[in-house]
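Have a look at the structure below before the remarks.
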There are 2 protein chains.
Amino acid sequence: MASVTNNSDYSKAMKNILFDFIAKYISLTEEEKNALLSLDLFHSVKKGTVLLKEGQKSKESYFVLKGCIRTYYVVEGEEKTTGFYTEMEALTPPAVINQTPSEYYISCNEDSLLLISNADMEVEVNKKFPKFDTMCRKFTEELLAKQRIDFDEFKTSSPEQRYLNLLQKRPDLIQRVPQHQLASYLGIKPQSLSRLRGRILEKKN
Amino acid sequence: MASVTNNSDYSKAMKNILFDFIAKYISLTEEEKNALLSLDLFHSVKKGTVLLKEGQKSKESYFVLKGCIRTYYVVEGEEKTTGFYTEMEALTPPAVINQTPSEYYISCNEDSLLLISNADMEVEVNKKFPKFDTMCRKFTEELLAKQRIDFDEFKTSSPEQRYLNLLQKRPDLIQRVPQHQLASYLGIKPQSLSRLRGRILEKKN
DNA sequence: ATAGCTCGTTCACTTAAGTGAAGAAATGCG
DNA sequence: CGCATTTCTTCACTTAAGTGAACGAGCTAT
């Protein structure tokens, strides 16, 4: 997990992604932008890296600039994937909020570029720039609303509908993520996903 | 939906529930408490009252002091219950966050005492007492974490496990809520819930 | 190159949820 | 009070997901 501090075009592009994202919630002065950049948030992470293990405590939040990270539980030796986070998505594990050992793993599904921020550091920044408190509140509220809608959709639909729904809303995931991870994300076994996809193909013809 | 302004013992008890709840996040001065009470937040709502309809815009958030409210979608004429909110639980519909027409209904499942707050009003209060911004952020973060864990549990378990899980964590719901609402909350049909319960009883003997 | 893995698919069989119908029990309303 | 409606359960049948096993394709490492 290397820190990224160079000033290549790529690095500049990533910074713009970050600032464009923040601009959706609050406007920043140059001073504030520089304060942010001085925090050494940018990290490049190799595929397969485990960012958080079950049982660990953590103060780290993640924001994906490029790539994909995944959350999963291990239940009776089996991985249960519950979330994928890709470009412009953020994850603060419940373990950070509640200061309890994590119930799940976070790993890096592709070579990725992440923002990694520390809860203590955030408190500092929020003290200096109260704006950030407001931004975090808005962002969290928005996430909560989105999350609730996702949950509702999951509850009110069958595995097949869930797959078709994903095909609409996150077609990229179906391409970039292994089938067995997708299956458990949809709440079914890989064999069932395989069969279900066959069924859908038949219907189309 | 009557406004509640009297000073009976019951009314005092409800105010204490509110202040005890807030005390978990921030501490309030008497002045701040009085400012809150002056906002006419307390409302008593009769069972069956529909608080929000599909398609409506809204700025109202709800906090349950006593009773139970329920969120549900109507899909092809059928109710799909996705959430129950009881004592000490809060609900801000996604429609309020995103300022879009609501996708679901909210109705009152029992005669209830609610706090009903308005988004515009909140902005005012937060301006006067910046503390509230911090409280809202913490509360929302906590909700998000809880919600994510609930979602994860739902995804990684079967309907039977979900029912047993609910029996552990919210035994009150199983008592106070009609079976057909519970069933769709568990993502199954009422007949399946009935059968599933029979199966569990057999196993016990 | 090949032996060992992981991954995706297929198959036969089991188990559980969906469906439609019917009836009993509880609830609400005039 | 009694009639109507809603709610819950049961049943027989259909459909889809879980399970265990097997196989081939693709990757990796020695």
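Throughout, protein chains are lettered first and strands after them, A, B, ... in sequence-line order, and every chain is numbered starting at 1. Small disclaimer: the values here were computed from a predicted structure and weren't measured.
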*Ignoring hydrogens and angles, answer whether the base of C:dG8 and the side-chain atoms of A:Arg197 contain a donor-acceptor pair closer than 3.5 Å.*
no
_When you measure only distances, ignoring hydrogens and angles, does the side chain of A:Arg195 come within 3.5 Å of the base of C:dG8 through a donor and an acceptor?_
no
_Please tell me if B:His180 has a side-chain N or O lying less than 4.0 Å from either OP1 or OP2 of D:dT6._
no
*Considering only heavy atoms from C-beta outward, does the side chain of A:Phe154 approach that of A:Asn165 to under 4.5 Å?*
no
_Minimum-distance nucleotide (side-chain atoms of B:Lys47 versus C:dT10, C:dG28, D:dA17)_ = C:dG28
*Nearest-nucleotide pick for A:Ser192, side chain only, options being D:dG18, D:dG20, C:dA17*: D:dG18
Can you measure [X] atom [atom1] to [N] atom [atom2] for me and round it to whole angstrom units?
X	N	atom1	atom2	answer
A:Arg199	D:dT15	CZ	P	11 Å
A:Glu78	D:dG20	CD	P	10 Å
B:Lys189	C:dG18	NZ	C1'	7 Å
B:Leu196	D:dC8	CG	P	15 Å
B:Gln179	D:dT10	CD	P	11 Å
B:Gln191	C:dA22	CD	P	14 Å
A:Ile188	C:dG8	CD1	C1'	13 Å
A:Arg176	C:dC7	CZ	C1'	19 Å

*Should we say atom CD of B:Glu103 is surrounded by more than 12 heavy atoms from elsewhere, each under 6.0 Å from it?*
no
*For the pair B:Glu60 and B:Leu51, evaluate side-chain contact (heavy atoms from CB on, under 4.5 Å) and give the outcome as yes or no after the intermediate values.*
CA-CA 9 Å; B:Glu60 288 187 344; B:Leu51 297 165; 5.8 Å; no
*asked:* Which is more 5' along DNA chain D, the nucleotide nearest B:Leu193 or the one nearest A:Ser158? Just name the residue.
replied: B:Leu193
*Atom pair OG1 (A:Thr140) and CD (A:Gln147), whose distance is rounded to the nearest 0.5 Å*: 12.0 Å
